[in-house]
Student: 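Below is a structure I'd like to ask you about.
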Amino acid sequence: PESFYKRFEGMPRNFQFGTCKPDFLLIQPFQYEEQVALRLTVIDAKASAKLKTSHTAQVAFYALVLREFRSEQLRVAHVGGVWLPPNEDGEVLTEDSWTKFDVDASEQLLDDFLGSKMPGILARSEEDTQWLFTSRCEGCANEEMCRSETVQNQRIGSVPGLSLMDSTRVTSMCGSG
């Protein structure tokens, strides 16, 4: 919604978020003042062994966007969730088998990031932008160019399996990336 973009006025004018589709919305009626309202709980499904920060950030982003549509009849829950795959014991996914977390805390961090840090990141030139080529780059439109540049310039991203955190440590110790 347009109100969402107005909220983050520091963003470049040509910036747009991609399509935003949570995997699940749990819709529950609840009593609000003297009327019945609907509470939306954002739940996203992930093929991961454990809950990750990126999962909570994604759910928080969906909640942030959905709050722009709130009214007296429609509220976004303060809890979000991630549905992880069943364990090896053959656990069956049920309505209550998703991992719940406080979406408000993640949402506040995301709100701060989008409002104060992201505009500065987007304003950087390509030359001033630090990046690391990893397996997460698979499928990106720039994958081949980044792979070639990483190998050609002997960037640290050419080390297989190196995490972003480890890369940052090595770079800070050695002074190059």
Student: Given side chains that start at C-beta, do those of Leu114 and Leu64 come closer than 4.5 Å, heavy atoms only?
Tutor: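 A side-chain contact exists here, since the closest heavy-atom pair is under 4.5 Å.
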Student: Mind checking the CE-CG spacing from Met118 to Asp112? Nearest 0.5 Å is all I need.
Tutor: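 With rounding to 0.5 Å, CE (Met118) is 13.0 Å from CG (Asp112).
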Student: Not counting sequence neighbours, which residues clear salt bridge (charged side-chain N to carboxylate O under 4.0 Å, His left out) with Glu149? List them please.
Tutor: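 So Glu149 forms no salt bridge (charged side-chain N to carboxylate O under 4.0 Å, His left out) with any residue.
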Student: With sequence neighbours left out, what residues match Asp102 under salt bridge (charged side-chain N to carboxylate O under 4.0 Å, His left out)?
Tutor: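 None.
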Student: Test of understanding: with ring-ring contact (aromatic ring centres under 6.0 Å, His included), list the residues that count as partners of Phe101, not counting sequence neighbours.
Tutor: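 Partners of Phe101 under the ring-ring contact (aromatic ring centres under 6.0 Å, His included) test: none.
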Student: Output every pair passing salt bridge (charged side-chain N to carboxylate O under 4.0 Å, His left out) with a member in residues 56-68, not counting sequence neighbours, ordered by first then second residue.
Tutor: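 Residue pairs passing salt bridge (charged side-chain N to carboxylate O under 4.0 Å, His left out), neighbours aside: Arg7-Glu68, Arg67-Asp104, Arg67-Glu107.
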Student: Would you compute the distance between atom OG of Ser54 and atom CG of Asp44 and round it to the nearest 0.5 angstrom?
Tutor: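 Going from OG on Ser54 over to CG on Asp44, the span is 10.0 Å.
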Student: Which heavy atom of Ser106 sits nearest a heavy atom of Ala60, and at what distance?
Tutor: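 For Ser106 versus Ala60, the nearest heavy atoms are CB-CB, 3.7 Å.
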Student: Report the residues that fulfil salt bridge (charged side-chain N to carboxylate O under 4.0 Å, His left out) with Arg70, sequence neighbours left out, ordered by chain and then residue number.
Tutor: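 Counting only residues at least two positions away or on another chain, Arg70 forms no salt bridge (charged side-chain N to carboxylate O under 4.0 Å, His left out).
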Student: Could I get the full list of salt bridge (charged side-chain N to carboxylate O under 4.0 Å, His left out) partners for Glu72, not counting sequence neighbours?
Tutor: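 Partners of Glu72 by the salt bridge (charged side-chain N to carboxylate O under 4.0 Å, His left out) criterion come out as none, since no residue qualifies.
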Student: Of all the heavy-atom pairs spanning Gly81 and Val59, show the shortest one and how long it is.
Tutor: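 It is O-CG2, 3.5 Å.
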Student: Can you list everything that forms a side chain to side chain contact (heavy atoms under 4.5 Å, CB included) with Gln73? Sequence neighbours excluded, please.
Tutor: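 Here the qualifying residues are Gln35, Ser71.
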Student: State, with a plain yes or no, whether a side-chain heavy atom of Leu40 is found less than 4.5 Å away from one of Leu26.
Tutor: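 Leu40 does not reach Leu26 side chain to side chain.
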Student: Going by side chain to side chain contact (heavy atoms under 4.5 Å, CB included), name the residues that satisfy it together with Ala45, two or more places apart in sequence or in a different chain.
Tutor: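 Result, side chain to side chain contact (heavy atoms under 4.5 Å, CB included) vs Ala45: Asp23, Phe24, Trp83.
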Student: Is it the case that over 12 heavy atoms from other parts of the model lie below 6.0 angstrom from the CD atom of Glu138?
Tutor: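 It does not: Glu138 CD has 12 such atoms or fewer within range.
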Student: Determine whether Met145 and Val151 fall in the same hydrophobic cluster, where Ile, Leu, Val, Met, Phe, Trp and Tyr are linked whenever their side-chain heavy atoms lie under 4.5 Å apart.
Tutor: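 Per the 4.5 Å side-chain linkage, Met145 and Val151 are not co-clustered.
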Student: I need the minimum non-hydrogen distance between Cys20 and Val65, along with the two atoms involved.
Tutor: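 The pair with the smallest heavy-atom distance is SG-CG2, 4.3 Å.
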Student: Under the side chain to side chain contact (heavy atoms under 4.5 Å, CB included) rule, collect the residues that match up with Leu38, sequence neighbours excluded.
Tutor: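 Result, side chain to side chain contact (heavy atoms under 4.5 Å, CB included) vs Leu38: Ile27, Pro29, Leu74.
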Student: For the atom pair SG (Cys140) and CZ (Arg147), what is the distance rounded to the nearest 0.5 Å?
Tutor: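 The SG atom of Cys140 sits 11.0 Å away from the CZ atom of Arg147.
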Student: What distance do Lys46 atom NZ and His55 atom NE2 have between them, rounded to the nearest 0.5 Å?
Tutor: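 Going from the NZ atom of Lys46 to the NE2 atom of His55 covers 5.5 Å.
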Student: With sequence neighbours left out, what residues match Ala37 under side chain to side chain contact (heavy atoms under 4.5 Å, CB included)?
Tutor: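 Testing Ala37 for side chain to side chain contact (heavy atoms under 4.5 Å, CB included), a comparison that skips the adjacent residues, returns Phe30, Tyr32.
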Student: Please check if the side chain of Thr56 supplies one atom and the backbone of Thr53 the other of a donor-acceptor pair under 3.5 Å.
Tutor: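 The answer is yes, because a donor-acceptor pair under 3.5 Å joins these two groups.
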Student: Leu25 versus Thr41: any side-chain heavy-atom pair under 4.5 Å?
Tutor: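 When only atoms from C-beta onward are counted, Thr41 and Leu25 do not touch, as no gap falls below 4.5 Å.
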Student: Are any non-hydrogen side-chain atoms of Phe8 and Asp111 less than 4.5 angstrom apart?
Tutor: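 The answer is yes; the side chains approach within 4.5 Å.
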Student: Would Leu66 end up clustered with Leu109 when hydrophobic side chains under 4.5 Å apart are linked, directly or stepwise?
Tutor: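 Different clusters: Leu66 never reaches Leu109 through Ile, Leu, Val, Met, Phe, Trp or Tyr contacts under 4.5 Å.
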Student: Nearest 0.5 Å, please: how far is CG in Leu84 from CG in Leu51?
Tutor: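 Between atom CG of Leu51 and atom CG of Leu84 there are 6.0 Å.
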Student: Applying ring-ring contact (aromatic ring centres under 6.0 Å, His included), name anything that partners Phe113, two or more places apart in sequence or on another chain.
Tutor: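 ring-ring contact (aromatic ring centres under 6.0 Å, His included) check on Phe113 returns nothing, list empty.
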Student: By the salt bridge (charged side-chain N to carboxylate O under 4.0 Å, His left out) test, which pairs, at least two apart or in different chains, include something from residues 47-57?
Tutor: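 Found none.
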Student: Could you state the interatomic distance from OG (Ser116) to CD1 (Ile121), rounded to the nearest 0.5 Å?
Tutor: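 Going from OG on Ser116 over to CD1 on Ile121, the span is 9.5 Å.
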